[in-house]
Amino acid sequence: MPNKKKIESVLELTEDLAATHKSFRTDEAKASYALKSQIARDFEAVMKDGYVIIEGLLTRSQLELIREATLPLLGRSGRNTFEGVKTQRLYNVLEKTRAIDLLATHPRVTGLLDRLFLPNYLLSQAQIINILPGESAQPLHYDDGFYPVPRPRPPFGAATVWAIDEFTEENGATVVIPESHNWGKEIVTDRTQAVPAVMPAGSVVFFLGTLWHGGGANRSGADRLAVTCQYCEPWLRPQENFFLELSQETLSRIPEQLLSMVGYSIHPPFMGMVNGMHPKRTLQPGKAE
């Protein structure tokens, strides 16, 4: 049978079967030795503590562009004490601005994700979070807790919180509990072991989906602006339904790597298909080529 792939073992179903739209893979060969070394050190810290703070990833001009693009989009404050009654949250960010694309796909972040998850891992959600003065501390939680698999277990997700404004103890820096990613099924409410992720603007805290953490209380007189991107294994359902959120126009403009992250990819052999075909075949001409 010409042009027909012959499958002789179920083991072959773990391979990329696509003929035209192959899996997106980070080209590690092009990464510098310095970058690989940095990612290796970051990964070691994440595996030990459950998180790592990486400083100095964004320039002042990049930070200003993000502020200019996102602050006008923010509206009323949150709906409950978990989201924050004095916290502004912007959802469906990718449809509304291209300002955070570089954060979602930053090489220091994707380098860690490449080590943690299977290829074609997904963006689970993206938000802009602006904690206003007077906000209380957010309840402690771990981000992949909605997947009903008992702990202790490996993480099914990971998250980033980018400091667009400086994170301080006073203005609501995210707090993390080191090594809590290894804990069992107990519910954690004691904050005495929590450490604030204090960091300059332009930095990011990366943590595993099993790490206990929460937003801090803003006791300052100023807002604290942040961007969060969360990720998950390619065989899991993301929190955001990007298929319904993102227009064809937006899909034609986002980077190829981000296109894969929002679901226009296949987890072998067929997970993510549309009418038996690769989801990129649903895109308008140009992006699907």
Side-chain angles (χ1 to χ4, degrees), residues 37-58 81-82 84 87 103 106-117 121 124-125 127 129 131 135-147 149-220 224 226-233 239:
S37 298
Q38 289 170 333
I39 292 170
R41 290 193 295 270
D42 294 341
F43 186 73
E44 184 178 359
V46 168
M47 290 296 97
K48 177 183 179 294
D49 298 323
Y51 74 99
V52 64
I53 295 174
I54 311 172
E55 297 186 1
L57 296 187
L58 301 177
T81 54
F82 185 81
T87 296
L103 309 187
H106 195 283
R108 290 287 288 274
V109 172
T110 57
L112 290 170
L113 296 172
D114 288 339
R115 290 171 176 244
L116 283 169
F117 302 137
Y121 49 78
S124 185
Q125 71 158 313
Q127 288 184 35
I129 303 176
I131 296 182
E135 180 61 279
S136 301
Q138 184 186 38
L140 295 172
H141 60 284
Y142 59 99
D143 280 344
D144 66 5
F146 44 78
Y147 297 123
V149 180
R151 296 173 60 119
R153 58 166 170 76
F156 297 147
T160 58
V161 180
W162 291 83
I164 309 305
D165 294 325
E166 180 184 14
F167 274 33
T168 69
E169 291 190 50
E170 291 72 32
N171 74 359
T174 300
V175 300
V176 297
I177 301 182
E179 302 184 18
S180 61
H181 61 298
N182 294 320
W183 292 359
K185 61 183 180 180
E186 64 268 22
I187 302 300
V188 179
T189 57
D190 182 6
R191 304 178 80 91
T192 57
Q193 298 182 68
V195 176
V198 173
M199 53 185 173
S203 307
V204 65
V205 55
F206 179 105
F207 51 90
L208 300 176
T210 47
L211 186 80
W212 285 90
H213 69 283
N218 189 347
R219 301 184 298 273
S220 74
R224 190 228 68 182
V227 175
T228 183
C229 296
Q230 297 184 17
Y231 308 85
C232 66
E233 288 276 19
Q239 296 171 74

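Predicted model, so just to flag it, every value in this text is computed and none were measured. Heavy-atom basis, side chains included; hydrogens, waters and symmetry copies ignored.
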Worksheet, complete the sentence: When rounded to the nearest 0.5 Å, the distance separating CZ of F156 from CD of E233 is 8.0 Å
Discussion item. Within this structure, what is the CD-OG distance for the pair E166 and S220, rounded to the nearest 0.5 Å?
Written reply: 10.5 Å
Worksheet entry | Over-ring placement of R153 relative to Y147, 6.0 Å and 45° cut-offs | no
Item to complete: Quick one: pull up CD1 in I131 and CG in D165 and give me the separation to the nearest 0.5 Å.
Response: 10.5 Å
Discussion item. Any heavy-atom pair between the side chains of W183 and I177 that's under 4.5 Å?
Written reply: yes
Discussion item. Show the nearest heavy-atom pair for residues A159 and Q230, with the distance to one decimal.
Written reply: CB-CG, 3.7 Å
Worksheet entry | Any side-chain heavy-atom pair of L103 and L58 under 4.5 Å | yes
Fill in: Over all atoms of both residues, closest heavy-atom pair of L211 and G50
CD2-O, 3.8 Å
Worksheet entry | R219 CZ to E170 CD distance, which is reported to the nearest 0.5 Å | 6.0 Å
Fill in: H141: which of F82, F146, W212 passes ring-ring contact (aromatic ring centres under 6.0 Å, His included)
F82
Item to complete: Taking the side chain as every heavy atom from C-beta outward, state whether L116 and M47 have any pair of such atoms under 4.5 Å apart.
Response: yes
Worksheet, complete the sentence: Closest heavy-atom pair, E169 versus P196, reported as atoms and distance to 0.1 Å, is CG-CG, 3.5 Å
Item to complete: Specify the closest pair of heavy atoms between A217 and A137, including all atoms of both residues, with the distance to one decimal.
Response: CB-N, 3.6 Å
Item to complete: Tell me, with the steps shown, if R224 and I129 meet side-chain contact (heavy atoms from CB on, under 4.5 Å).
Response: CA-CA 8 Å; R224 190 228 68 182; I129 303 176; 4.1 Å; yes
Worksheet entry | side chain to side chain donor-acceptor pair (under 3.5 Å) partner of E135, chosen from T87, N171, T81, N218 | T87
Worksheet item: What about the rings of Y51 and H213, do their centers lie closer together than 6.0 Å?
Response: no
Response to the item:
To the nearest 0.5 Å, atom CG of L57 lies from atom CE of M199 at 10.0 Å
Worksheet item: Are any of the side-chain heavy atoms of W162 and V109 separated by less than 4.5 Å?
Response: yes
Worksheet item: Do C232 and D144 come close enough that some side-chain heavy atom pair is under 4.5 Å?
Response: no
Worksheet entry | side-chain contact (heavy atoms from CB on, under 4.5 Å) evaluation trace for D114 with Y121 | CA-CA 8 Å; D114 288 339; Y121 49 78; 2.9 Å; yes
Worksheet, complete the sentence: Minimal heavy-atom distance between S203 and P200, with the atoms involved, is OG-O, 2.9 Å
Discussion item. Less than 3.5 Å apart, any donor N or O on the side chain of Q239 or S124 sitting next to an acceptor on the other?
Written reply: yes
Practice prompt. Compare all side-chain heavy atoms of P152 with those of N182 and state whether any distance is below 4.5 angstrom.
Written response: no
Discussion item. Would V188 and Y142 count as a side-chain contact (heavy atoms from CB on, under 4.5 Å) here? Give the steps.
Written reply: CA-CA 10 Å; V188 179; Y142 59 99; over 6 Å; no
Fill in: Nearest-0.5 Å distance, OG1 of residue T160 to CZ of residue R108
13.5 Å
Fill in: Heavy-atom pair with the smallest gap, counting every atom of P107 and I39
O-CD1, 3.8 Å
Practice prompt. Using salt bridge (charged side-chain N to carboxylate O under 4.0 Å, His left out) as the criterion, list what pairs up with D49, not counting sequence neighbours.
Written response: none
